[in-house]
Number of protein chains: 2
Amino acid sequence: MSPRIEIDRLFQALGDPTRRAIVDRLSLGPSSVSGLAAPLEITVTAVAQHLQVLEAARLVRTEKAGRVRTCRIAPEGFARLERWIADHRAQWERRLDRLGDVLAEDGDD
Amino acid sequence: MSPRIEIDRLFQALGDPTRRAIVDRLSLGPSSVSGLAAPLEITVTAVAQHLQVLEAARLVRTEKAGRVRTCRIAPEGFARLERWIADHRAQWERRLDRLGDVLAEDGDD
DNA sequence: TCATCGATGAAGTCATGACTTCACTATCAG
DNA sequence: CTGATAGTGAAGTCATGACTTCATCGATGA
């Protein structure tokens, strides 16, 4: 699967405040779907939809035991995210370095 | 201003592929608005709108000299982003640690 | 000075996406 | 079996947001 799409899903998933609230909650520990819905004051259906998005982005992993689905944080998505930021930071900082070489050619710090 | 809103703007800004393309481009070095528009095959107006979003999220800084507006990466937004991820990672990893004390098992990626 | 170029503002279109409700399935307790 | 519980699927509503076009403005160079 294209890495572009992957990153897309990641940022799109975290772009929604409700979904970030779910992530916040799951950072504290696993929860059921209805357990997530309660403090958010939205329907269980809505939460389930958000969970699909979060799972597709690999930010959350869920498994169903009996009739209850347990949701927990999935580190992969976050790792991917960190890498994206690190890559970009590296890119523009490298450029600033080269620029520094030219502008401050009589000895810099 | 609430930090929630700030993070919101950040993820929402990067949730759009076109805006990420702009960030990609600017990581390589500064550019004018029309310089950004050309490879994206959208109107200059559209790019200007995206730039407003990116500036509000502190991911990009722009300044106008004469009739040309020069756009460059702004590190603050990215720093904010990194901190958000680090905070969350810390939170759930701390929890896994406590759990690990009890269960003593597994390692992850 | 005048034509052009880079950018901006206003307003409209169109798709997407965050919800809801309602109907339904599957599990568990009595 | 019966009834409550946990979640899923389908379909509809409503707002937001990513574009466009058109008109305009200020800087610039011939």
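Letters A, B, ... are given to chains in the order of the sequence lines, protein chains preceding strands, and every chain is numbered from 1. Just so it is clear, the model here is predicted, and its values are computed rather than measured.
For the atom pair SG of B:Cys71 and CZ of B:Arg25, the computed distance is 9.5 Å after rounding to the nearest 0.5 Å. Distance check, rounded to the nearest 0.5 Å: CZ of A:Arg89 to CD1 of B:Ile73 gives 10.5 Å. To the nearest 0.5 Å, the span separating CZ on A:Arg19 from CD1 on A:Ile22 amounts to 8.0 Å. Residue A:Gln12 holds its CD atom at 10.5 Å from CD of B:Gln12, rounded to the nearest 0.5 Å.
Taking the side-chain hydrogen bond (donor to acceptor under 3.5 Å, both in side chains) definition, one finds that B:Asp24 meets it with A:His88, sequence neighbours left out. Under the rule for a ring-ring contact (aromatic ring centres under 6.0 Å, His included), the partners of A:Trp92 that lie at least two apart in sequence or sit in another chain are B:Phe78. Every residue two or more places apart in sequence or in another chain was checked for a side-chain contact (heavy atoms from CB on, under 4.5 Å) with A:Ala86, and none qualifies. For B:Gln49, there are no side-chain hydrogen bond (donor to acceptor under 3.5 Å, both in side chains) partners at least two apart in sequence or on another chain. A search for side-chain hydrogen bond (donor to acceptor under 3.5 Å, both in side chains) contacts involving B:Arg80 returns B:Glu6, not counting sequence neighbours. Judged as a salt bridge (Lys or Arg N to Asp or Glu O under 4.0 Å), and not counting sequence neighbours, the contacts of A:Asp8 are B:Arg20.
Residue A:Val33 is the one, among B:Ala46 and A:Val33, whose nearest nucleotide of DNA chain D lies closer to the 5' end (criterion: closest heavy atom).
Atoms CD1 (A:Ile42) and P (C:dC19) sit 5 Å apart, rounded to a whole Å. Atom P of nucleotide D:dG7 and atom CD of A:Glu63 are separated by 13 Å, given to the nearest angstrom. Rounding to whole angstrom units, CG of residue A:Leu40 and P of C:dT20 are separated by 11 Å. Put simply, NZ on B:Lys64 is 7 Å from C1' on C:dG6, counting in whole angstrom units.
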Please table the atom pairs, donor to acceptor, closer than 3.5 Å between any side-chain atom in residues 57-67 of chain B and protein atoms at least two apart or in another chain.
{"unit_1": "B:Arg61", "atom_1": "NH2", "unit_2": "B:Glu76", "atom_2": "OE2", "d": "2.9"}
{"unit_1": "B:Thr62", "atom_1": "OG1", "unit_2": "B:Glu55", "atom_2": "OE1", "d": "3.3"}
{"unit_1": "B:Thr62", "atom_1": "OG1", "unit_2": "B:Glu55", "atom_2": "OE2", "d": "3.4"}
{"unit_1": "B:Thr62", "atom_1": "OG1", "unit_2": "B:Arg69", "atom_2": "NH1", "d": "2.8"}
{"unit_1": "B:Glu63", "atom_1": "OE2", "unit_2": "B:Arg72", "atom_2": "NH1", "d": "3.3"}

Run the side-chain contact (heavy atoms from CB on, under 4.5 Å) test on A:Leu81 and A:Leu14 for me, step by step, so that the C-alpha distance in whole Å, both residues' side-chain angles and the decisive distance to 0.1 Å come before the verdict. CA-CA 11 Å; A:Leu81 211 58; A:Leu14 290 172; 3.6 Å; yes
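Among the protein residues, A:Ser34 comes within range of the sugar-phosphate backbone only, with heavy atoms under 4.0 Å from sugar or phosphate atoms but none that close to a base.
Contact annotation: B:Thr43 side-chain N/O to D:dT20 OP1/OP2 distance is under 4.0 Å.
Against DNA chain D, the stretch residues 47-59 of chain B makes heavy-atom approaches under 4.0 Å through B:Gln49, B:His50. Within residues 12-30 of chain B, the residues that place at least one heavy atom under 4.0 Å from DNA chain D are, in residue-number order, B:Gln12, B:Asp16, B:Thr18, B:Arg19.
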At under 4.0 Å between heavy atoms, which parts of nucleotides 23-30 of chain C does protein reach? Answer with one letter per nucleotide, 5' to 3': B base, S sugar-phosphate only, - none. ----BS--
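In this structure, the helix from C:dT1-D:dA30 to C:dG30-D:dC1 shows an angle of 30° between the axis at its start and the axis at its end, each fitted on 5 base pairs and rounded to 10°.
Applying the ring pair (Phe, Tyr, Trp, His ring centres under 6.0 Å) test to pairs two or more places apart or on separate chains, those with a residue in residues 8-29 of chain B are B:Phe11-B:Trp84.
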